[in-house]
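Chain letters run A, B, ... following the sequence lines, proteins first, then strands; residues in each count from 1.
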Amino acid sequence: GNSVTQMEGPVTLSEEAFLTINCTYTATGYPSLFWYVQYPGEGLQLLLKATKADDKGSNKGFEATYRKETTSFHLEKGSVQVSDSAVYFCALSAGTASKLTFGTGTRLQVTL
Amino acid sequence: DAGITQSPRHKVTETGTPVTLRCHQTENHRYMYWYRQDPGHGLRLIHYSYGVKDTDKGEVSDGYSVSRSKTEDFLLTLESATSSQTSVYFCAISESTSGNTDTQYFGPGTRLTVL
């Protein structure tokens with residue numbers, strides 16, 4: 001079956017530090033890959049996505065590249081801000097109906 | 001922001017009682033989903049709908065039923081709530097016109113506590 005593995009948190013960084021959150025996946029066929037972010041007390045919102053191999057998704061300074069050869073979709077940001085503190089979920093969609101399979105989430109805490 | 005509301009936002013109930021959660025959308029999207037969020041598990045799909053009266057099971061459907069009588073409403077029912085169903089429940093919607101590439105948009109969630 002489909003699965004997503006992402007690095008354990010929490011991740012604590014100082015403001016302006018470089019961020020990497022690792023995500024690898026197992027899927028049949030050709031999945032689309034997503035990063036969602038959840039701010040405290042809120043629902044999930046799409047951060048970025050990539051729908052085919054070698055695509056790069058980007059948004060708000062965050063980037064992730066769909067690497068089929070390593071089955072990975074790592075999230076990066078060059079300089080984090082306190083406002084980036086949230087839980088980040090990697091997810092994939094494969095097959096019909098755009099059903100999502102999520103990783104367990106990684107909590108990011110950014111301090112001044 | 002996608003027009004998705006969930007009600008109630010918080011609910012405390014007792015074991016063995018029936019509970020219904022409602023998801024309402026104003027986007028006229030075809031697909032609707034119910035997920036539960038638990039620590040250490042991320043989000044897991046309970047049921048989804050691909051049209052009025054068309055529903056299917058997800059990964060963790062035992063103990064849950066759903067109904068969709070109108071495009072805009074998707075109901076999740078716990079027939080007899082158990083403590084293991086204490087969770088945060090999220091509704092999501094998707095146009096799903098392009099196979100597996102569509103974005104899902106999430107509601108604000110319902111926190112359910114079963115005592």
For [X] and [Y], which heavy atoms make the closest approach, and how far apart are they?
X: Thr103(B); Y: Lys49(A); result: OG1-NZ, 3.1 Å
X: Tyr36(A); Y: Gln104(B); result: OH-O, 2.9 Å
X: Tyr33(B); Y: Ala97(A); result: OH-O, 2.5 Å

| task | State whether the side chain of Glu42(A) and the backbone N or O of Pro108(B) hold a donor-acceptor pair below 3.5 Å, judged by distance alone. | result | no

Give a yes or no on this: more than 12 heavy atoms of other residues, nucleotides or ligands lie within 6.0 Å of atom [atom1] of [X].
X: Tyr39(A); atom1: OH; result: yes
X: Glu15(A); atom1: CD; result: yes
X: Gln81(A); atom1: CD; result: yes
X: Arg9(B); atom1: CZ; result: yes

| task | Starting at OH of Tyr105(B), measure out to CG of Leu46(A) and round the result to the nearest 0.5 Å. | result | 7.0 Å

| query | When rounded to the nearest 0.5 angstrom, what is the spacing between CZ in Phe106(B) and CG in Leu100(A)? | reply | 5.5 Å

| message | Is Gln38(A) in contact with chain B via its backbone, its side chain, both, or neither, using a 4.5 Å heavy-atom distance? | response |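 Only the side chain of Gln38(A) comes within 4.5 Å of chain B.
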
Transitive ILVMFWY side-chain link [X] to [Y], under 4.5 Å:
X: Phe102(A); Y: Leu33(A); answer: no
X: Phe89(A); Y: Phe34(A); answer: yes
X: Leu47(A); Y: Ile21(A); answer: yes
X: Leu13(A); Y: Val37(A); answer: yes
X: Val87(A); Y: Leu48(A); answer: no

| said: What residues of residues 67-91 of chain B make heavy-atom contacts with chain A at a cutoff under 4.5 angstrom? | reply: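 The residues closer than 4.5 Å to chain A, in numerical order, are Phe90(B).
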
| Going by residue number, which parts of residues 35-45 of chain B are within reach of chain A, meaning a heavy-atom gap below 4.5 Å? |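 Those residues of residues 35-45 of chain B which have a heavy atom under 4.5 Å from chain A are Tyr35(B), Gln37(B), Gly40(B), His41(B), Gly42(B), Leu43(B), Leu45(B).
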
| request: Among the options Ala91(A), Gly103(A), Ser32(A), Gly29(A), pick out the one with the most heavy-atom pairs lying under 4.5 Å from chain B. | output: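 Option with the top pair count is Ser32(A).
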
